[in-house]
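Structure first, commentary second.
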Amino acid sequence: MRFAPNPNGPPTLGSTRGIIVNSEYVKKYEGKFILRFDDTDTQTKRPMLEAYDWYIEDCNWLGAKPDEIIIASDRIPLYYEQARKLIEGGNAYVCFCESETFKKLKDAKEACPHRDTSPQENLEHWDKMLLGGYPEKSAVLRIKTDIMHKDPALRDFGAFRILKMPHPRQEVGDKYIVWPLLDFEGAIEDHLLGTTHIIRGKDLMDSEKRQTYIYKYLGWDYPITTHWGRVKMHEFGKFSTSGLRRAIEEGEYDGWDDPRLPTVRAIRRRGIQPEAVRKFMIDMGVGETDISISLDTLYAENRKLVEPKANRYFFVWDPVELEVTGADPCTANPPLHPTENRGCREIDVSTKVLVCREDVEKLTEGSKVRLKDLYNVEVTSMEPLQANYLNDAIESAKKEKMKIIHWAPVDGVPVKVLSPDGEFKGIGEKQITAELDKVVQFERFGFCRIDSVGKEVVAYYTHK
RNA sequence: GCUCCGAUAGUGUAGCACGGCCAAUCAUGCAGGACUCUCACUCCUGCGACUCGGGUUCGAAUCCCGAUCGGAGCACCA
C-alpha cells in the first residue's frame, strides 16, 4: 500500500489519515508501506524542498515508518517508456488543441482533430515534445478513452504536458520539460510498485476509472480501491497550502509549526502524542461519508495518554502580587502528581506570592481563601492586595468552604504559553525548567508542552 | 449542464454484503451528582439517532424505487 502526497507543504492533520490508515492495514496484513512523492508539477503545486523530509519525519513520528520511499521526479524515464507503448498501440495521441478548444469538443462528445493521427506520426510528435520542439502549453499527450462516454470526466484525459520551469530538486533541475500528470504517473507507479490495495480520498474516484483505461491497454490488473469522504475540522477553517504559505511569509503565523495551524509539526510541538492521532484516525474509519469532526475527541484521546505522565506545576497568568502578613517565609511541597507517587516540588515562599487576576476579581475584603498546598489567608485589602495568615490546616479550609486557588512565588520564572487562542504570559515555578520537551499540567490551566527554557519558559498549549 | 458517490444521537462510529438476535454499539460531547488541596483525573446518573415518501415482506436501519440534502469529478493541479 502507499501514501502518495505532493510535498508542496508540510503534512497536516488531514494527511495523517492517509498515513495512518494505510500503514495500519500494512501492519495488520504484513504488507509493505510505500511513501511516494508525487512531485511532478513544477509550477502550480510546486514541491517544497524541506517538505520531503518533513513527510518522512512525520511518518516516522506517527509510527508509520515507510518500507520504501519513492520520488516520482526521479523516475520520469519510466513514465516515458510506458507512454511510448501507449502511443505505439494507438492508445495515446499528441494533442495540439488549446485547453479551451478541447474542453468544448469534449463536452460536445466530439473528437479533436488530432485524435486519429497515426501512431507513427504521434511518435514523431512525442519525440519532438521531449526534445523541446514545442513551446509550453502547445501540446499535450492524451490517453484515448471513449470520447462518447456519458461521463464527461472520463473522456480522453491528459497524461503529459510541457513545463519549462525547472524542478526544485537539484538532482532533477531542468532535466525534463515533459511532465506526467497525476492520473498517469500514479497509474504507472501503482503497478510498478506492486500496489495491491489503494485507499484514498473520494475526490480520486474518477481517477480509478480513467486509470483503468491505461491498465487495460497495458494488460495490467488494477489494484483494489477504497475511498473515504472529505474531512473538515471544526477548529480550522478552510486553508490551502498556498494560502498558508503566504500567511506565514507575511508574518501572520510564526511558521509551519505555529500552534494555530493544523500541521503535524504544530500538533507535535503542542504535545499531542502520536498514539492519540493514530487512535483518532483509526476510530474514524474509512467511510465514504463526508465528515466534520471536532478536535475534542483527539484531545480526549491525548489526555488519557498524557494525564498520568504529566507533572503538575503552578503557573499564574496575568499575575497580581499578594502580600501576606503574619506568615514566616517557608517552603511549600506540592506533589508532582496527585495520584502517581512521584514526590514533591519545592517552592520557597517569602511574604509575597502571585495569584491570577481572575481569581482576585472574585475576592473582596474579608474573603478567606486557601493557597493550594500552602496555607489559608484572609483578605484585608484589595488595593494593594494584602491578606492575613490564618493557618495551615486544609481541614479548616474545607470546613469553611474556602476557594482553593493556585499561586506562584514572586521570584518564579517568566512563562509564555502559546495556544491556538493566543498568548498567555505569567510566572511559574522554577522547577518547570527541568521539564524541557515534556508535557506538564499547569494546574487549573491545562496541559502544555515545554518548548524551550532559559530566561523565559516557552510552553505550547496542548489542551485542557 | 453532464457524471459519480454518500446519508445512524451535537460530533464521530458499529450494525447494512446474507432482513428477524437492533426498544440500535462504542467513543466523544452536554447536564446533574460523588470524589479530589486543580477548572485535570476517577466514579455514578441522565440526554440524544436509523433524512423523507413509497414499495417488497409475516417482518426493513438493512433490499428496491423516488425525493431531499450533502460532497466530488468533468485541469496542460495533486
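Here B:U28 is the nucleotide among B:U28, B:C39, B:C4 with the atom lying nearest to any side-chain atom of A:A300. Here the nucleotide nearest the side chain of A:T44, chosen from B:C77, B:U3, B:A40, is B:C77. Distances were taken from every side-chain heavy atom of A:D151 (C-beta onward) to each of B:C41, B:A78, B:G73; the shortest belongs to B:G73. Side-chain atoms of A:R444 lie closest to B:U38 of the nucleotides B:G71, B:C77, B:U38. Checked against B:G70, B:C37, B:U38, the side chain of A:K202 finds its nearest nucleotide in B:G70. Comparing B:C74, B:C77, B:G12 against the side chain of A:D41 picks out B:C77 as the nearest. Out of B:G29, B:A27, B:A78, the shortest distance to the side chain of A:L204 is found at B:A78. Side chain of A:F447, nearest nucleotide from B:C2, B:U38, B:A40: B:A40. Side-chain proximity of A:K304 to the nucleotides B:U38, B:G71, B:U28 is greatest for B:U28.
Residue-level contact check: A:N6 touches the backbone only, with heavy atoms under 4.0 Å from sugar-phosphate atoms and none from bases. Using a 4.0 Å heavy-atom criterion, one finds that A:R210 contacts the sugar-phosphate atoms exclusively. A:S207 comes within contact range of no nucleotide atom at all, as no heavy-atom separation falls under 4.0 Å. A:C356 comes within 4.0 angstrom of nothing in the nucleic acid, heavy atoms only. Base engagement by A:I394 is indicated by at least one non-hydrogen atom pair under 4.0 Å involving a base atom. Residue contacts for A:D203: at a heavy-atom cut-off of 4.0 Å it reaches a base atom on one of the strands shown. The residue A:E288 sits close only to the backbone: its heavy atoms come under 4.0 Å of sugar-phosphate atoms, none of a base. Base contact: A:D373 has a heavy atom under 4.0 Å from a base atom.
In this structure, A:R265 forms a cation-pi arrangement with A:W54, its terminal cationic atom sitting closer than 6.0 Å to the ring centre and no more than 45° off the ring axis. Annotation: cation-pi pair A:R449/A:Y461 absent, no NZ/CZ under 6.0 Å from the ring centroid and within 45° of its normal.
For the OP1/OP2 pair of B:A72 and a distance below 4.0 Å, the side-chain nitrogens and oxygens of A:R230 include at least one atom meeting the criterion. Contact annotation: A:K106 side-chain N/O to B:C74 OP1/OP2 distance is not under 4.0 Å.
To the nearest whole angstrom, the two P atoms, one in B:U51 and one in B:C58, are 25 Å apart. Taking the C1' atom of each, B:A7 and B:C50 are spaced 10 Å apart, rounded to whole Å. Nucleotides B:U8 and B:C63 have their P atoms positioned 14 Å apart, rounded to a whole Å. For the C1' atom pair drawn from B:U25 and B:G59, the interatomic distance equals 23 Å after rounding to whole Å. Going from the C1' atom of B:U62 to that of B:U57 covers 13 Å, rounded to whole Å. Spacing of P atoms, B:U68 relative to B:C30, comes out at 37 Å, to the nearest Å.
Looking at A:E435 and A:Y313, their side chains do bring a donor and an acceptor atom within 3.5 Å of each other.
Straight-line distance from the CG atom of A:D183 to the P atom of B:A78: 9 Å, rounded to whole Å. With rounding to whole Å, A:L130 atom CG is found 19 Å from B:C76 atom P. The distance from atom CG of A:L181 to atom C1' of B:A78 is 10 Å, rounded to the nearest whole Å. With rounding to whole Å, A:M281 atom CE is found 17 Å from B:U28 atom P. Across the protein-nucleic acid pair, A:H149 atom NE2 and B:U3 atom C1' stand 9 Å apart, rounded to whole Å.
B:A17 shows a glycosidic angle within 90° of 0 and is accordingly assigned syn.
A perpendicular orientation is assigned to the rings of A:Y389 and A:Y375, their planes being inclined by more than 60° (bins at 30° and 60°).
Considering every non-hydrogen atom in both A:S73 and A:Y176, the closest pair reads O-CE1, 4.0 Å. The two residues A:L371 and A:W407 make their nearest non-hydrogen contact at CB-CD1, 3.6 Å.
Looking only at side-chain heavy atoms (C-beta outward), A:P152 and A:R155 come within less than 4.5 Å of each other.
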